[in-house]
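Letters A, B, ... mirror the listed sequences (proteins, then strands); counts begin at 1. Bear in mind the structure is a predicted one, so any value in this text is a computation, not a measurement.
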Amino acid sequence: MTLALALPAGRSRPRRARGVLGPVGWTALVLVAAMVLLAALAPWLAPYPVDQQDLLHPYAGPSPAHWLGTDATGRDILSRLLWGARTSLGGPALVVALSLAVGLPTGLLAAWRGGLVDAALARVLDVVFAVPGILIAVLAVAVFEPGLTPAVLALAVAYLPYVARTTRAAARAQRDLPYVEALELQGMGGLRICVRHILPNILGVVLAQVPVAFALALVDLASLSFLGLAVQAPAADWGVLISDTSALLQGHPEQAVYAGLAIVTTVVALTFLGDRLTEGRPVARARKEKR
Amino acid sequence: MTVRELLRTVGAMCVSILAASFVVFASLYAAPGDAESVLFGSTTPTDEVRAAVRDQYRLDDPFLVRYVHWLGSVAHGDFGTSFVGGQSVATRLGATAPTTLALVGLAGLLLVVIGIALGVPMGLRPGRVDTVLTTVVAVVAGIPTFVSATLLIAVFAVGLGWFPAYGADGLRGLVLPALSLALVSSAMLARITRASVRAESGREYVTTARARGLPSRVVVARHILPNAAGPVITAGGLLVAALFAGAIVVENAFGIAGLGSLLVSSVNRQDFPTVQAISLLLVVVFVLTNTLVDLAARGLDPRQRRRAA
Amino acid sequence: MLTVSGLRKEFPGPRGSGTVAVAGLDLHLDRGECLAIVGESGSGKSTTARMIAGLLAPTAGRVVLDGHDVSRPARRRRDRLHRARLLQMVFQDPYASLDPRQSPGDALAEVLALHGVRDRAERTARVRELGEAVGLSARQLESRPAELSGGQRQRVAIARALAPRPPVIVLDEAVSALDVSIQAQVVNLLADVRAATDTAYLFITHDLAVVRQVADRVLVMRAGDVVEQGPVAQVLDRPAAPYTQRLRAAVPPRSDGARPGAVPHQVERNTPPCESS
Amino acid sequence: MTSPLLEIGDVVVDLPGRGTVLRDITLAMASGESLGLVGESGAGKSMLARAVAGLLPAGAARLGTIRFDGAPLSRSRTGRDGARRRLGMVFQDARAHLDPRQRIGDFLLETTPRRARPARLPEVLALLDRVGLAEPRRLLDRYPDQLSGGMLQRIMIASVVLADPALVLADEPTTALDVTTQAEVVAILDELRRERGTGLLFISHDLDLAAQLCDRIAVLYAGTVQEVAAAGALAADPRHPYTRALFAARPDIERRLPRLPAIAGHPVAAYESGAGCAFAPRCDRAVDACGTALPELVGTEHAVRCLVAAPPAPATRREGVTRC
């Protein structure tokens with residue numbers, strides 16, 4: 001899914017409300033936190049190992065033993081959902097972390113150096129940005145056998161421009177402000193100005209993009225697992241749980257519905273969180289002083 | 001848009017496509033699995049067969065020569081021969097591409113119509129209607145294609161039987177896939193359209209129009225919408241291009257024989273020539289659309305248009 | 001103290017139609033003197049200031065500060081710090097002159113540390129001293145810039161410019177964005193600072209009344225050229241160049257002195273519709 | 001006294017998220033009169049003009065009544081809004097207030113019904129020439145980004161005058177312009193207004209500019225009218241301490257003052273001011289009573305809202321030297 005579009009245009013508010021998240025924002029944050037917690041505690045919470053089969057009870061409905069029932073080969077759906085959460089949330093987290101680790105410095109460097117470096121980098125970022133993450137991942141998987149690592153690394157490359165472009169734009173806006181020029185005139189070096197002054201001022205804008213990037217990475221990774229190119233059996237993630245078409249055709253969509261619900265809830269919560277963070281942040285206020 | 005500027009943009013696009021093709025080719029060239037092991041699998045070929053095959057796939061030539069040769073042949077529409085079944089890649093592409101194009105075309109139409117039809121009213125009329133719609137659209141934007149595909153199959157194909165569930169062809173077979181493909185993208189376009197319309201409605205020149213007593217119908221039609229169109233067209237272009245990536249997922253979900261499912265099956269069978277060809281095609285589509293959208297956005301902006309006059 | 005000769009700046013335009021922002025300018029500034037550069041937008045006064053301060057590389061010309069040639073912006077750290085101790089700058093927009101996440105006190109401390117004031121206690125003392133010099137209380141020094149008014153922020157910017165004790169300070173429209181009552185406070189402050197530290201000012205403005213109040217000499221610029229220069233009294237009372245006269249006449253007369261409603265002069269035809277920059 | 005063109009009675013405006021921006025405004029204008037609204041940041045000058053024009057920001061609450069040409073004005077302007085038909089507005093930043101994709105000709109004729117546009121073209125061209133724009137015909141096909149700020153402001157004025165308004169609200173129309181352009185634009189505004197007997201509500205932070213253009217001047221501070229009088233009387237005999245301080249604090253192009261008599265503190269908005277007179281904390285003549293209750297606006301010809309205002313000075317003492 002192309003990333004260029006999911007960036008909601010930031011709208012400034014007359015006054016930055018202290019509780020910037022507001023009720024919707026907080027519920028979204030709680031939901032996301034709950035999902036992360038479930039994923040982290042999966043080994044202790046999951047009643048059964050991820051691949052323990054019980055061929056005697058395929059497609060069993062919800063029961064005290066299996067709260068959400070079992071799949072085609074009698075595996076406990078709840079356990080697979082919990083274990084799956086580790087990959088479906090851990091993967092995107094790694095993707096976003098890698099993108100930030102590389103994207104922030106790259107964006108800052110490009111904004112500060114300007115000139116040729118900036119133009120060349122902008123060009124590369126635009127091209128990589130135009131190619132959806134899924135295609136880059138599919139290509140990577142084709143090169144190094146299908147698996148989680150190539151998929152995550154490829155998505156990190158695909159999401160790098162997402163962070164780098166936002167960082168570069170925000171840093172370029174700060175770069176021209178008088179307070180940066182005043183620091184230059186004091187003799188302060190470029191690196192120190194970037195790290196101690198520009199970065200703290202743009203971190204808010206950049207981090208506001210993290211939830212949306214996380215959501216998109218989650219969708220891409222789950223899609224790859226759905227295509228059988230990321231998580232390989234017997235491991236499971238939410239994408240794999242939905243990919244079992246035969247169960248669907250035999251009229252047992254329960255597993256797909258639960259996994260689908262988990263994905264949609266997380267992604268929607270992340271999207272609302274991202275909206276609130278972006279809206280709460282005044283776009284660089286254009287001061288209309290007299291003359 | 002001066003001709004010089006046009007040439008510079010097209011030039012930049014060609015450079016990007018060339019660079020992308022190099023990356024695509026180089027990555028598959030560096031693939032750990034050697035082409036031979038894929039071609040011969042477990043059978044051990046005789047020396048002559050081995051030599052013939054190596055020559056046919058030019059495996060012994062240095063990397064750059066193979067790249068230039070590959071590029072030359074691609075330019076003539078010859079994508080080499082598939083590792084699987086010895087069929088020429090071009091014919092396999094020819095067989096599958098139309099389906100994908102039809103799917104993306106239908107989905108593209110749905111995307112633009114739904115996206116703008118929802119986005120504009122949401123942007124223009126704040127208040128309860130807008131908040132309800134915004135929430136619904138935000139939720140729909142959160143449903144990935146493979147989830148919506150599965151749900152649509154479960155309800156309309158398996159449940160109600162209105163549409164073929166799997167592996168269908170012809171128009172009826174494309175309705176559910178196109179809907180599933182367009183769903184999340186149209187929600188995104190609606191959000192972007194809403195944001196753009198809302199941003200323009202707050203601009204000073206709208207205040208002027210209202211201060212002059214122009215009816216709100218005129219203010220919207222002549223001032224807000226034309227100015228809001230720029231970002232919407234840019235986003236729309238990029239989203240339509242992205243449908244090709246979404247098609248990879250949808251075609252596999254519905255079992256449709258398109259470029260997407262061919263790509264995934266080629267990856268699983270390590271059929272590098274086919275993977276290379278499809279990847280190159282898709283990358284060219286994305287870079288092309290990105291450039292066209294950039295040109296369209298700049299062409300729409302009166303300032304740019306007039307600099308050439 | 002500051003000598004500028006043949007300063008020129010050309011901005012390359014599309015299809016070879018470059019624009020000349022500053023077309024060869026000479027000026028000198030003695031110790032403790034205040035030289036004003038006045039002109040309308042597009043006259044090149046700000047470009048001139050930015051070139052002298054080293055923020056913008058001139059196309060041609062030499063800038064000599066206290067005997068050092070500072071024509072090209074400094075690269076090496078030692079040069080940059082040395083340059084900082086010769087000249088500082090105060091900008092127009094008070095709201096963008098301070099790092100929003102840093103309190104004024106910390107900002108001043110950071111600058112002092114940069115210029116070798118290692119000892120923390122001495123630094124704190126110097127910060128309070130600078131604060132008092134510009135009329136800022138200890139509480140204001142510890143607050144966030146968002147809590148300060150435009151005038152107070154401009155005071156912090158002046159204190160920051162004074163920290164390295166430079167002999168020359170460039171003030172680029174430093175009081176233009178301030179309300180009347182605040183502008184008066186800052187103008188007085190600048191006069192006090194000059195009296196106390198004998199710092200020379202290069203004062204960029206479009207307001208002739210401010211020129212009268214603060215400057216010793218004035219240089220009138222139009223479209224990159226210097227049309228007139230000399231002592232303030234002579235240039236404002238007996239302007240020689242027609243452009244200066246037109247500038248002088250365009251300023252609304254003092255209402256507590258003149259008959260209200262008197263429109264100064266005839267409406268002149270505008271020049272044909274030109275390509276705006 | 002002819003029926004007043006504009007009556008503003010006890011108007012209060014509150015903004016969501018900020019609070020009161022207009023605390024208590026009572027003003028009136030006769031038809032054909034020009035009234036200057038002068039004040040510093042936060043005084044609420046622009047907000048008052050927007051309240052009259054019906055362009056208050058979303059969610060703003062307005063109390064009190066505003067009557068124009070005898071008819072009460074609704075809170076916000078909607079479409080035709082008959083009552084505001086003869087009300088024009090000129091803004092500070094002309095470039096931002098013009099649609100970048102619309103030609104100047106289309107902009108000027110937009111409010112004229114399509115059929116009547118060809119007939120009005122000569123009038124438009126004459127008006128463009130009248131506001132000092134050379135080759136008006138060529139101008140019609142141009143876009144705003146091709147013209148300078150000064151030219152755009154003249155086009156804005158022409159568009160307002162074209163609608164034959166009874167009152168023009170000008171919100172700091174020349175602040176963004178250079179001094180020479182400002183003088184020309186002010187002269188145009190003044191001539192056109194006098195010729196057509198149009199009322200002018202002129203907003204500025206520049207006392208002298210307002211005095212040059214307006215019959216009467218109202219001085220605003222923290223969303224309240226502090227003093228209102230004929231321009232000459234206000235300049236010759238300012239009674240409110242704030243007005244006097246404003247006149248004194250300005251640098252004088254004629255002569256250098258040893259020290260500018262500055263006012264301590266900084267201008268506050270209505271929501272930052274206490275119960276009593278908002279200027280009290282900065283006023284050197286303030287007494288305890290000033291802080292407790294908002295003084296009344298006393299007087300008709302020369303009204304002052306201050307407990308310790310200076311007494312009316314004898315007419316002769318302050319007669320300034322007239323100078324063209």
Side-chain angles (χ1 to χ4, degrees), chain C residues 39-43 149-152 178-189 191-192 206-215 232-233 236-237 243 246-277, chain D residues 40-41 132-135 138-139 142 145-148 150-151 154 178-180 182-184 186-188 190-191 205-215 230-232 235-236 238 245-247 249-257 259-264 266-267 282 320-324:
Chain C
E40 296 186 307
S41 49
S43 60
S149 72
Q152 288 159 340
L178 302 176
D179 280 308
V180 172
S181 57
I182 306 294
Q183 185 178 67
Q185 292 169 15
V186 176
V187 163
N188 290 343
L189 170 65
D192 300 343
H206 59 274
D207 188 334
L208 291 179
V210 170
V211 169
R212 172 77 75 173
Q213 184 60 28
V214 297
V232 167
L236 288 187
D237 294 339
Y243 177 70
R246 204 163 143 248
L247 260 185
R248 179 82 176 70
V251 176
R254 293 262 309 187
S255 52
D256 48 1
R259 206 169 21 77
V263 177
H265 56 83
Q266 262 313 317
V267 170
E268 280 165 25
R269 279 290 164 269
N270 196 321
T271 50
C274 61
E275 296 300 320
S276 77
S277 58
Chain D
E40 294 181 295
S41 305
L133 289 169
E135 297 170 271
R138 259 186 65 203
L139 216 54
R142 286 295 170 86
D145 66 288
Q146 293 175 288
L147 307 175
S148 72
M151 297 165 84
R154 294 163 201 260
D178 286 318
V179 171
T180 46
Q182 164 177 294
E184 289 160 12
V186 158
I188 293 162
D190 192 44
E191 277 167 36
H205 59 280
D206 185 334
L207 264 167
D208 303 319
L209 186 60
Q212 185 182 40
L213 202 60
C214 304
D215 307 328
L246 267 186
F247 271 116
R250 297 163 302 146
D252 180 356
I253 191 169
E254 303 299 339
R255 52 189 164 73
R256 174 187 292 213
L257 307 169
R259 196 171 178 72
L260 291 179
I263 318 168
H266 57 85
R282 303 176 69 195
V321 169
T322 58
R323 185 178 18 252
C324 170

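- Contacts between D:R282 and chain C at a heavy-atom distance below 4.5 Å involve the side chain alone, from C-beta outward.
- For chain D, the nearby parts of C:S41 are the backbone and the side chain; heavy atoms of each come within less than 4.5 Å.
- Judged by distance alone, with hydrogens and angles left aside, the side-chain atoms of C:D179 form a donor-acceptor pair with the main-chain N or O of D:S41 at under 3.5 Å.
- One distance of note links CD of C:Q183 with CD of D:E40; it measures 10.0 Å at 0.5 Å rounding.
- For the atom pair CD1 (D:I253) and CG (C:D237), the distance works out to 9.5 Å, reported to the nearest 0.5 Å.
- Residue D:R256 comes nearest to C:V214 through the heavy atom pair NH2-C, 3.7 Å, listed as atom of the first residue, atom of the second, then distance.
- With hydrogens and angles disregarded, a donor-acceptor distance shorter than 3.5 Å links the side chain of C:Q185 to the backbone of D:I263.
- Scanning all heavy atoms of the two residues, the minimum distance from C:S181 to D:P267 falls at OG-CD, 4.0 Å.
- Judged as a side-chain contact (heavy atoms from CB on, under 4.5 Å), and not counting sequence neighbours, C:A191 has no contacts.
- Taking CZ of D:R259 as the reference point, atom CG of C:D192 lies at 4.0 Å (rounded to 0.5 Å).
- Counting heavy-atom pairs closer than 4.5 Å to chain D, the top residue among C:L236, C:L247, C:V180, C:N188 is C:N188.
- With rounding to the nearest 0.5 angstrom, the CZ atom of C:R254 is 8.5 Å from the CD atom of D:E254.
- Using a distance-only test at 3.5 Å, with no hydrogens or angles considered, a donor-acceptor pair links the side chain of C:Q213 to the main chain of D:L257.
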Practice task
Verify salt bridge (charged side-chain N to carboxylate O under 4.0 Å, His left out) between C:D207 and D:R250, making sure each step is shown before the conclusion.
Solution key: CA-CA 11 Å; C:D207 188 334; D:R250 297 163 302 146; over 6 Å; no

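- Looking at residues two or more places apart in sequence or on another chain, you find a side-chain contact (heavy atoms from CB on, under 4.5 Å) between C:A184 and D:A249, D:L260, D:A262.
- For D:A264, the part lying near chain C is the backbone, with the side chain staying farther off; criterion is any non-hydrogen pair under 4.5 Å.
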